[in-house]
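Below is one structure, written out as structure tokens; comments come after it.
Chain identifiers are assigned alphabetically (A, B, ...) following the order of the sequence lines, protein sequences preceding nucleic acid strands; residue numbering begins at 1 within each chain.
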There are 2 protein chains.
Amino acid sequence: MARNKELNQKIKDERREQILSSALMLFATKGLSATRITDISAAAGISQGLMYHYCKSKEEIFSELIKYALDRMNAACIELEKLPLPPHQKIKMAIEKLLQGFDANKNTSYYYLLILQATVSEAIPREAKEIISQGSSLPYEVIERILIEGQKEGTIKDYDARDLSVVFWTSIKGLALNKAAFGGSYKMPDPRILAGIFLNE
Amino acid sequence: MARNKELNQKIKDERREQILSSALMLFATKGLSATRITDISAAAGISQGLMYHYCKSKEEIFSELIKYALDRMNAACIELEKLPLPPHQKIKMAIEKLLQGFDANKNTSYYYLLILQATVSEAIPREAKEIISQGSSLPYEVIERILIEGQKEGTIKDYDARDLSVVFWTSIKGLALNKAAFGGSYKMPDPRILAGIFLNE
DNA sequence: GTCTATATCCAGATAGAC
DNA sequence: GTCTATCTGGATATAGAC
């Protein structure tokens, strides 16, 4: 009895994983609206009707993916800030890790595409919009704080820290979207190019 | 008689302008698929049925907007390359002009959103895909050539020129998308921040 | 040229059998 | 838990009146 329940739960969890993973790819490459529920079910290898045992709608899946992406990004930023390193090293490391992540795993760049859609699009469930509007400012704040610290030490260039933080993230996002667009054929540039935007030599 | 024909043509042209302009905003903020033909007709102030006198489908409008954006961008790049200026000045000027353009006119950043959609999405008419795949490499090539020239003169940093060109455009695109996402509230950063990526001091 | 009304089609969601 | 069949709604596209 208990055995069966456990097994069923396991199957259910695995299917849900499968669904989320398929949906990520489809949402990223077609957008929420153009992705049909049957696209997701086909990619996950189940019938269309069965989808409704695992989720209420594709909007729900979309929101869940957004939440997951934001949570991970924010957690990583908090970790970064806590590291026992001088600020300019934190910036260097962040850039290296982010670019490596894009090269290693295309899903990473797909998440950026999802976040962009959710930020920019009016055709997105209210829930996803709320998750975004509440959870997307932390990375900017963290980088800004680190840059200000570095400016005090004289290791970071003396432009407006808010501007620098915006350039940091828009450049990263630009590269992520390029990766999502051109995929395997495209390799990330030398991270020192980006680091040079911020660091005094 | 001839008068009427001229007048009719003029009305027709104006309407078409209206439709294209409304469609740009809607495609950028909702995506092609989520934009209904009635959204466009309502924004242009005409009935849904009348749309079919001015275009075959929303896909056709989308392709036309993509073509227009690419043509203008490519023409601007060719102009830039021809200017009688040293390479590092061309880079500086390109960055300044691009950022000014984003601040001056939100439509500019909307075009970037359209290009991104057309590049990344599978749910895009074949025609738009073809336009993109044929017409989107020139800006990268032009910037790469200018950078190589500057490297010979010692005014441009000595990283791989292809990498630098990719960073140039991905950073610009990142800023454009940020503008599209956050709109009026967001002001472009100091162009010297970006220029510093490329220029030897 | 412009509108309203209608037909067609397709995706989302539900119901019922296994 | 899983499928197939069906209902429903909404968007596209067309037809016909003014």
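Taking the six-membered ring where tryptophan is involved, the planes of Phe27(A) and Phe62(A) are perpendicular, since the angle between them exceeds 60° and thus also 30°.
No side-chain N or O of Ser121(A) forms a donor-acceptor pair with one of Gln117(A) less than 3.5 Å apart. No hydrogens or angles considered: a donor-acceptor pair under 3.5 Å links the side chains of Ser137(B) and Glu141(B).
Remark: P of dA11(D) and CD1 of Ile40(B) are 13 Å apart, rounded to the nearest angstrom. Remark: P of dT12(D) and OH of Tyr54(B) are 19 Å apart, rounded to the nearest angstrom. As rounded to whole Å, 6 Å separates atom P of dT12(D) from atom CD1 of Ile37(B). Rounded to whole angstrom, the span from the CG atom of Leu50(B) across to the P atom of dA15(D) amounts to 16 Å. As rounded to whole Å, 15 Å separates atom P of dA11(C) from atom CD of Glu59(A). One interatomic measurement links the two molecules: OH of Tyr52(B) to C1' of dG1(C), which rounds to 17 Å at whole-angstrom precision. Between the NZ atom of Lys12(B) and the C1' atom of dG1(C) there is a distance of 10 Å, rounded to whole Å. When rounded to the nearest whole Å, the span between CZ of Arg36(A) and C1' of dA13(C) equals 16 Å.
Position along DNA chain C of the nearest nucleotide to Gln48(B) versus Ile11(B) favours Ile11(B) as the more 5'-ward residue. Annotation: of the two residues near DNA chain D, Lys58(B) and His53(B), the 5′-most nearest-nucleotide partner is Lys58(B).
For the pair Arg15(A) and dG1(D), the criterion of a side-chain N or O lying under 4.0 Å from OP1 or OP2 is not met.
In terms of heavy-atom proximity, Pro125(A) sits nearest to Leu32(A) at CD-CD2, 3.6 Å.
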